[in-house]
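To start, the structure itself, in structure tokens.
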Amino acid sequence: MSTAAENQPLEPAAHQPRFRFKRLSGASAVTILTVVLVALFVLSFLMGRYPISIADVIRVLLFNAAQAIITVAEGILKVATHLPGDWAETLLTRLPAMDPSFPDVLNTVVIQLRLPRVLAAMLIGGGLAVAGASFQGLFRNPLVSPDILGVSSGASLGAIIGILVSGQRIVIELLAFGVALLAVGGSYGISRIVRGNRTLGLILAGMAIGSLLSAFLSLAKYAADPTNQLPTITYWLMGSLSAISFKDLAFVAAPMLIGIGGLLLIRWRLNVLAMGEDEAKALGTNTGKLRAVIVICCTVITASAVAISGTIGWIGLIIPHIGRMLVGPDHKKLIPVSLLIGAIFLLLMDDIARTMAQVEIPIGILTAIMGVPFFLYLLARGRRGWA
């Protein structure tokens with residue numbers, strides 16, 4: 001005897017759900033991505049013109065880490081107990097594993113050349129990914145990237161001004177950081193006087209400021225010396241980590257870590273903002289202050305990144321989508337996962353950039369080559385439920 005359910009026509013094959021990627025829990029995703037990042041961190045020291053074994057890399061890193069720890073401990077003990085300061089050298093010579101038996105050139109390559117750019121790639125990639133995920137949640141738009149408010153255009157214009165007037169790296173970084181903050185400040189100030197939807201006003205103001213700064217950017221390139229200054233400007237705009245040093249990291253590490261830490265602390269509030277302005281206010285959220293905090297944190301992260309590495313696009317746009325594919329749209333899990341994926345992605349791109357050809361490829365080119373096909377895949381897939 002057939003039932004009514006059995007007599008119902010089957011759903012057409014076109015409407016049958018396709019294979020769906022099984023999402024991971026937040027803890028599982030963070031654990032797996034952390035293991036991948038640590039492995040890639042070690043392997044990144046093997047990439048380059050000077051061949052180094054994993055054993056040598058680990059030995060150099062352990063020695064320098066132990067030396068730094070002992071130096072700090074020595075300073076603390078000298079201040080606390082007024083002991084003589086030669087005990088650290090004695091301890092180092094008594095530890096065979098910490099004996100610096102490797103050549104100086106190995107220490108120079110690992111510590112002075114490769115370690116700064118590896119750390120910079122992880123910090124910049126993770127920071128831009130976190131900023132992109134936060135902006136997409138704030139504006140409730142999957143097409144938003146960290147440079148939506150004109151920060152990249154402002155940083156680029158400031159850097160070009162620094163190249164034109166000085167050419168010193170510290171001047172370039174300071175002007176890039178300062179003009180980027182001014183650009184976002186102008187966008188936010190204009191949005192405050194716009195009637196109607198504040199979020200839409202902020203986006204439109206950012207687009208206008210970005211277009212204006214891009215025009216000045218083109219004017220500055222036109223006025224640059226085509227022999228000396230223009231090639232430097234062009235290479236900087238393509239993005240690169242080849243000239244990163246510990247001084248550059250010291251310049252941006254604190255503001256970037258503060259911005260990333262702030263977004264991690266308030267990441268659960270992004271879920272409230274993603275529900276909409278009216279719903280967030282109904283739940284008692286001060287949307288104006290929360291929006292300002294998010295904009296400030298994302299701006300500081302993006303401005304710091306662009307100031308030392310140039311324009312590196314697509315990370316803040318595509319990495320949050322990959323994070324949603326892994327753990328879903330919950331920002332409590334999405335922000336940490338985006339941080340790790342962004343660090344892994346840019347570190348991998350940097351490894352490819354310095355090993356693919358005889359001449360190092362600007363990393364901004366590689367991120368675009370990898371980012372555009374993935375973005376087109378997302379558009380073709382038409383994935384819903386991103387927020």
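In this chain, numbering begins with 1 at the start of the sequence shown.
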- Task: Begin with the C-alpha distance, continue with both residues' side-chain angles, and end with the deciding distance and a verdict on side-chain contact (heavy atoms from CB on, under 4.5 Å) for Ile335 and Leu270.
- Result: CA-CA 10 Å; Ile335 297 298; Leu270 282 165; 4.1 Å; yes
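- Taking each heavy atom of Ala29 and Val337 in turn, the nearest pair found is CB-CG2, 3.9 Å.
- Side chain of Arg49 to backbone of Arg354: a donor-acceptor contact under 3.5 angstrom is found.
- At least one side-chain heavy atom of Arg114 sits less than 4.5 Å from a side-chain heavy atom of Ile52.
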- Message: Determine whether Phe374 and Ile322 satisfy the following criterion, side-chain contact (heavy atoms from CB on, under 4.5 Å), listing intermediate values before the conclusion.
- Response: CA-CA 10 Å; Phe374 182 79; Ile322 299 176; 3.4 Å; yes
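- Here the CG atom belonging to Leu128 is positioned 8.5 Å from the CD1 atom belonging to Ile301, to the nearest 0.5 angstrom.
- Atom CZ of Phe216 has 12 or fewer neighbouring heavy atoms from other residues, nucleotides or ligands inside a 6.0 Å radius.
- Annotation for Ala129 and Gly342: closest pair CB-CA, 3.9 Å, computed over non-hydrogen atoms.
- Side-chain N or O atoms of Ser304 include none that pairs as donor or acceptor with a backbone N or O of Pro255 at under 3.5 Å.
- No chain of hydrophobic side-chain contacts below 4.5 Å, direct or via other Ile, Leu, Val, Met, Phe, Trp or Tyr residues, connects Ile266 to Ile258.
- Residues Leu290 and Ile294 meet the side-chain proximity criterion, which asks for heavy atoms closer than 4.5 Å.
- One finds the CG atom of Leu174 at 4.5 Å from the CZ atom of Phe251 (value rounded to the nearest 0.5 Å).
- The shortest distance between side-chain heavy atoms of Leu119 and Ile244 does not fall below 4.5 Å.
- Residues Thr302 and Val306 form a side-chain contact, since some pair of their non-hydrogen atoms from C-beta on lies under 4.5 Å apart.
- Phe45 places none of its side-chain heavy atoms less than 4.5 Å from the side chain of Asp56.
- Atom-to-atom distance recorded for Ser166:OG and Ile161:CD1 is 12.5 Å, nearest 0.5 angstrom.
- Side-chain contact between Leu340 and Val36: absent, with no pair of heavy atoms (C-beta onward) separated by less than 4.5 Å.
- Across Ala224 and Leu230, no two heavy atoms sit closer than the pair CB-N, 4.3 Å.
- Between the Asp350 side chain and the Leu346 main chain, no donor and acceptor come within less than 3.5 Å of each other.
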- Quick one: do Glu173 and Lys247 satisfy side-chain contact (heavy atoms from CB on, under 4.5 Å)? Show the steps, please. CA-CA 11 Å; Glu173 293 173 357; Lys247 291 182 179 179; over 6 Å; no
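- The two atoms that bring Arg324 and Pro329 nearest to each other are CG-CA, 4.3 Å, heavy atoms only.
- Ile318 and Leu376 fall within the same hydrophobic cluster, where Ile, Leu, Val, Met, Phe, Trp and Tyr residues are linked whenever their side-chain heavy atoms come under 4.5 Å apart, directly or through other members.
- To the nearest 0.5 angstrom, Ile308 atom CD1 is 7.5 Å from Arg169 atom CZ.
- Under the 4.5 Å side-chain contact rule for hydrophobic residues, Leu46 and Val118 share a cluster.
- Panel note: side chain Arg267, backbone Leu264; a donor-acceptor pair is recorded below 3.5 Å.
- The two atoms that bring Ser145 and Leu317 nearest to each other are CB-CB, 4.3 Å, heavy atoms only.
- Val179 and Gly158 make their closest contact through CG2-CA, 3.7 Å (heavy atoms, listed as atom of the first residue, atom of the second, distance).
- In this structure, Gln229 contributes its side chain and Asp225 its backbone to a donor-acceptor pair below 3.5 Å.
- Summarising the geometry, atom OG belonging to Ser240 is positioned 11.0 Å from atom CD1 belonging to Ile361; distances are rounded to the nearest 0.5 Å.
- Within the 3.5 Å criterion, the main-chain N or O of Asp330 finds no donor-acceptor partner in the side chain of Asn271.
- Contact check for Leu61 versus Val42: no side-chain heavy atoms found under the 4.5 Å cut-off.
- Within a 6.0 Å sphere centred on CD1 of Ile54, other residues, nucleotides and ligands contribute 12 heavy atoms or fewer.
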- Task: Kindly indicate, with the supporting measurements, whether the criterion side-chain contact (heavy atoms from CB on, under 4.5 Å) is fulfilled by Val110 and Phe63.
- Result: CA-CA 12 Å; Val110 174; Phe63 171 77; over 6 Å; no
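- Remark: the backbone N or O of Val144 is paired with a side-chain donor or acceptor of Gln136 at under 3.5 angstrom.
- For the pair Ser153 (side chain) and Ser214 (backbone), a donor-acceptor distance under 3.5 Å is absent.
- Heavy atoms from other residues, nucleotides or ligands lying under 6.0 Å from CE of Met47 number more than 12.
- Grouping the Ile, Leu, Val, Met, Phe, Trp and Tyr side chains by contacts below 4.5 angstrom, directly or via other members, places Leu348 with Met370.
- If you take CG on Leu219 and NZ on Lys221, they are separated by 11.5 Å, rounding to the nearest 0.5 Å.
- No continuous path of ILVMFWY side-chain contacts below 4.5 Å connects Leu265 to Trp268, so the two sit in separate hydrophobic clusters.
- Listed for the His321 side chain is a donor-acceptor partner under 3.5 Å among the backbone atoms of Pro142.
- Aromatic ring orientation, Phe135 versus Phe139: tilted (interplanar angle from 30° to 60°).
- Considering only heavy atoms from C-beta on, Leu149 stays 4.5 Å or farther from Tyr188 through its side chain.
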